[in-house]
Amino acid sequence: MNKSLAFVATTISTKFHFPPSLCRSYSSPSSLPSSNKLFVGGLSWSVDENSLKDAFSSFGDVTEVRIVYDKDSGRSRGFGFVIFSNEDDAKSAKDAMDGKALLGRPLRINFALEKARGVPVVVPRLSDIGHLNRH
DNA sequence: GTTGAGCGTT
């Protein structure tokens, strides 16, 4: 009887092709949802926003380039962001530049995590805590 | 003169 169950399972798995909507683990391999904003890591310490833009502007319109510098030391933290006006340009730039070297260091590119902009931040209120002491 | 995975100073 186990054999017949195995037969059924095999039959099902070979006969059915599940629609992509049910196979979401394959929809974005090794990354995040597509966007026009790229996280660029692995930068050489000496790369500035200009040379980074030059490296990416051939793939489309670069809306913004931002390299993250340390607040106190002022030196590059070795990563930054490149924003394209077009989402497809960002994707092709990522595919083309990921792993490629810039100024001697291989780039690590990914779609950027969305830094919560426009999302209201709810903070606890002291006036509400006061109600806890009330009967 | 330094470091080497990661997700940002207005």
Side-chain angles (χ1 to χ4, degrees):
Chain A
M1 335 180 172
N2 285 338
K3 282 190 177 176
S4 54
L5 282 180
F7 173 76
V8 170
T10 306
T11 304
I12 290 178
S13 63
T14 52
K15 290 229 180 244
F16 282 87
H17 286 178
F18 295 101
S21 58
L22 296 179
C23 305
R24 286 200 286 184
S25 51
Y26 293 98
S27 61
S28 77
S30 84
S31 198
L32 296 151
S34 183
S35 114
N36 67 323
K37 186 183 288 194
L38 299 180
F39 167 84
V40 181
L43 293 174
S44 170
W45 314 118
S46 55
V47 177
D48 63 352
E49 296 178 345
N50 245 314
S51 47
L52 191 61
K53 178 170 183 174
D54 284 346
F56 282 83
S57 54
S58 62
F59 299 96
D61 293 334
V62 176
T63 304
E64 184 181 353
V65 174
R66 185 186 238 66
I67 288 187
V68 180
Y69 295 97
D70 188 81
K71 213 180 306 185
D72 340 288
S73 69
R75 286 175 299 181
S76 168
R77 288 178 57 186
F79 68 91
F81 301 90
V82 176
I83 300 109
F84 284 85
S85 62
N86 184 317
E87 181 172 309
D88 278 337
D89 291 339
K91 182 159 50 178
S92 61
K94 168 176 134 52
D95 289 343
M97 294 297 288
D98 193 15
K100 307 240 5 175
L102 180 64
L103 267 49
R105 299 289 302 193
L107 265 37
R108 307 171 46 114
I109 306 184
N110 252 299
F111 291 109
L113 315 160
E114 200 55 42
K115 188 170 145 188
R117 286 184 310 183
V119 177
V121 178
V122 179
V123 298
R125 296 186 180 203
L126 292 178
S127 57
D128 289 337
I129 297 179
H131 294 307
L132 296 175
N133 292 330
R134 205 160 43 187
H135 268 83

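In the text below, chain A, chain B and the rest are named by the order of the sequence lines, each starting its count at 1.
The minimum heavy-atom distance between A:Glu49 and A:Arg66, with the atom names listed, is OE2-CA, 3.5 Å.
Between A:Ser76 and A:Phe81, the residue whose closest nucleotide on DNA chain B is further toward the 5' end is A:Ser76.
Counting heavy atoms of neighbouring residues, nucleotides and ligands inside a 6.0 Å radius, atom CG of A:Asp61 does not exceed 12 of them.
In this structure, A:Ile109 places its CD1 atom 18 Å from P of B:dG8, rounding to the nearest Å. Atom pair A:Tyr69:OH and B:dT10:P shows a separation of 16 Å (rounding to whole Å applied). For A:Glu64 and B:dT9, the CD to P distance is 13 Å, given to the nearest whole Å. Atom CG in A:Asp72 sits about 19 Å away from atom P in B:dT3, given to the nearest Å. Summarising the geometry, the separation between CG on A:Asp70 and C1' on B:dT10 is reported as 16 Å, rounded to the nearest angstrom. Rounded to an integer number of Å, the gap from A:Phe39 CZ to B:dG4 P is 16 Å. Put simply, CZ on A:Arg75 is 16 Å from C1' on B:dT9, counting in whole angstrom units. What separates CZ of A:Arg66 from C1' of B:dT9 is a distance of 7 Å, to the nearest Å.
Residue side chain A:Lys37 reaches the base of B:dG8 through a donor-acceptor N/O pair under 3.5 Å, judged by distance alone.
Screening A:Ser34, A:Ser35, A:Ser92 for a side chain to side chain donor-acceptor pair (under 3.5 Å) involving A:Glu87 leaves a single residue, A:Ser34.
Here A:Gly80 lies out of heavy-atom contact (under 4.0 Å) with every strand.
Ring orientation note: the planes of A:Phe79 and A:Phe39 are tilted relative to one another, at an angle of 30° to 60°.
For A:Arg77 and B:dT9, the shortest distance from a side-chain N or O to OP1 or OP2 is below 4.0 Å.
Remark: ring of A:Phe79 does not overlap the six-membered base ring of B:dG8 in a stacked fashion, as centroids less than 5.5 Å apart with planes less than 30° apart are not both met.
Residues from residues 45-58 of chain A with heavy atoms under 4.0 angstrom of DNA chain B, sorted by number: A:Trp45.
Listed by first then second residue, pairs satisfying salt bridge (Lys or Arg N to Asp or Glu O under 4.0 Å) with a partner in residues 68-80 of chain A number zero, not counting sequence neighbours.
Note that OG of A:Ser51 and CZ of A:Phe56 are 10.5 Å apart. Values are rounded to the nearest 0.5 Å.
Closest to the A:Val68 side chain, of the nucleotides B:dC7, B:dG8, B:dT2, is B:dG8.
Under a hydrophobic clustering in which Ile, Leu, Val, Met, Phe, Trp and Tyr are joined whenever their side-chain heavy atoms come within less than 4.5 Å, directly or via other members, A:Phe59 and A:Leu102 fall into the same cluster.
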